[in-house]
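Sharing a structure, written as structure tokens. Questions coming.
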Amino acid sequence: MKRSFSGIQPTGDLHIGNYLGAIKTWADMLDRYECFFCIVDLHALTIKYDTSLMAQRTLDAVAVNMACGLDPKKCTIFIQSHVKEHAELCWILDSVTPMGELGRMTQFKEKSKSHPENVNVGLFNYPVLQAADILLYKGEVVPVGDDQVQHIEFSREVARKFNAAYGPVFPECQALLSNAPRVMGLDGVNKMSKSLGNHIAIADPADVIRKKLATAKTDPARKRRTDPGEPTKCNIYSLHQFFSTPEQMQWVEEGCRNAGIGCLDCKGVLADNIIAVLTPIQARYAELKADMNIARRVVAEGAARAQRIASAVMAEVKDALGLYTG
Ligand code: AQP
């Protein structure tokens, strides 16, 4: 089986963008790939955060992923900072990475703009740590949302550069996109994100989901109930595509174009469908939250398994580099 690596940052509540763009694909891959899932807490240090929340958010992210279908019997789930080789390989890959390539990364440019007070070296070096995450397990397939595709291409480049300089150690990885590679936020402008306050969290209760949808942006041309709309310009319509039946889609499309339905009718059906998908996930999440020792055990076992592979690959890397290993 090919090996797959994926990561998620414990930077806030995981949302339906994370679910549709990444986590759902991960759960569907378990029988076809040897899967490694990592809560990338070292990546999360690159933006300001509340230290009192980090540990809890990290374990919550484990529980949410398990509730979404990541079965620890079929994959390895672990926490990045528990396997020290991630940071070690990052340093080594730094030495084959041209500075100019990192400066061109879209995420670096965007995060530098949105956090001008904290443009740190970690933010700049983020893609190298991500390359190290993947290459440490010789990952060949990396399921991600489209915001991460540039970083996966970069990881492939880094592997090529290392192999050209020191010999063939790493495979070249490929991004794998889901059918929802970029779920837009409820603001209708930005990608749904944990940090932008424009998301529906996987754990949001039904009444919160309804409230959030009620104020979500729609086609700006529909100012009054009687104004006809253009579904392709409506963010709510784009969310329907992931949650609704073909019959409901047709109802939304026609009703929007001829103003036969109001935005609130359309949002109501979407809310029902999102709630139906999230309810069983939330029930499993509640069970896991009731006994967080389950998540603790999963990541302890996961780290041990990941560590065995990581240390073998690091031995190979050091040998290729010609380091004296004693
Ligand atoms: N809106 C999205 N649509 C589709 N996929 C998405 N992903 C994130 N947002 C969307 C994918 O989810 C995986 C984990 O993402 P991450 O936690 O590593 O970080 P991110 O991409 O930066 O996600 P956020 O929510 O936007 O986090 P913050 O606000 O902390 O920066 C990745 O595969 C990602 O592509």
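Just so you know, ligand 1 is whichever comes first in the structure, and atom 1 is the first atom listed for that ligand.
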For P181, atoms of ligand 1 separated by under 4.0 Å from a heavy atom | 3 (N), 4 (C), 5 (N)

Tell me, please: is Q107 in heavy-atom contact with ligand 1, that is, under 4.0 Å?
-> no

Ligand 1 to M192 polar contact by distance, N or O atoms, under 3.5 Å = yes

Do ligand 1 and G145 have nitrogen or oxygen atoms that lie under 3.5 Å from each other?
-> yes

Can you sort out which atoms of ligand 1 are near A22, meaning under 4.0 Å from one of its heavy atoms?
-> 12 (O), 13 (C), 33 (O)

Taking both backbone and side-chain atoms of K194, is any N or O found less than 3.5 Å from an N or O belonging to ligand 1?
-> yes

So the atoms of ligand 1 within less than 4.0 Å of a heavy atom of A180 turn out to be 4 (C)

Going by heavy atoms, is G12 under 4.0 Å from ligand 1?
-> no

Protein contact to atom 19 (O) of ligand 1 [nearest heavy atom, distance to 0.1 Å] = Q9 NE2, 3.3 Å

Number the atoms of ligand 1 from 1 as they appear, then name those within less than 4.0 Å of a heavy atom of I8, with their elements.
-> 14 (C), 17 (O), 18 (O)

Are any of the heavy atoms in H15 under 4.0 Å away from ligand 1?
-> yes

By number and element, which atoms of ligand 1 are closer than 4.0 Å to a non-hydrogen atom of G21?
-> 4 (C), 5 (N)

Let me know which of D28, I16, N18, I281 forms a side-chain contact (heavy atoms from CB on, under 4.5 Å) with I23.
-> N18

Is there a donor-acceptor contact under 3.5 Å from the side chain of N198 to the main chain of S193?
-> yes

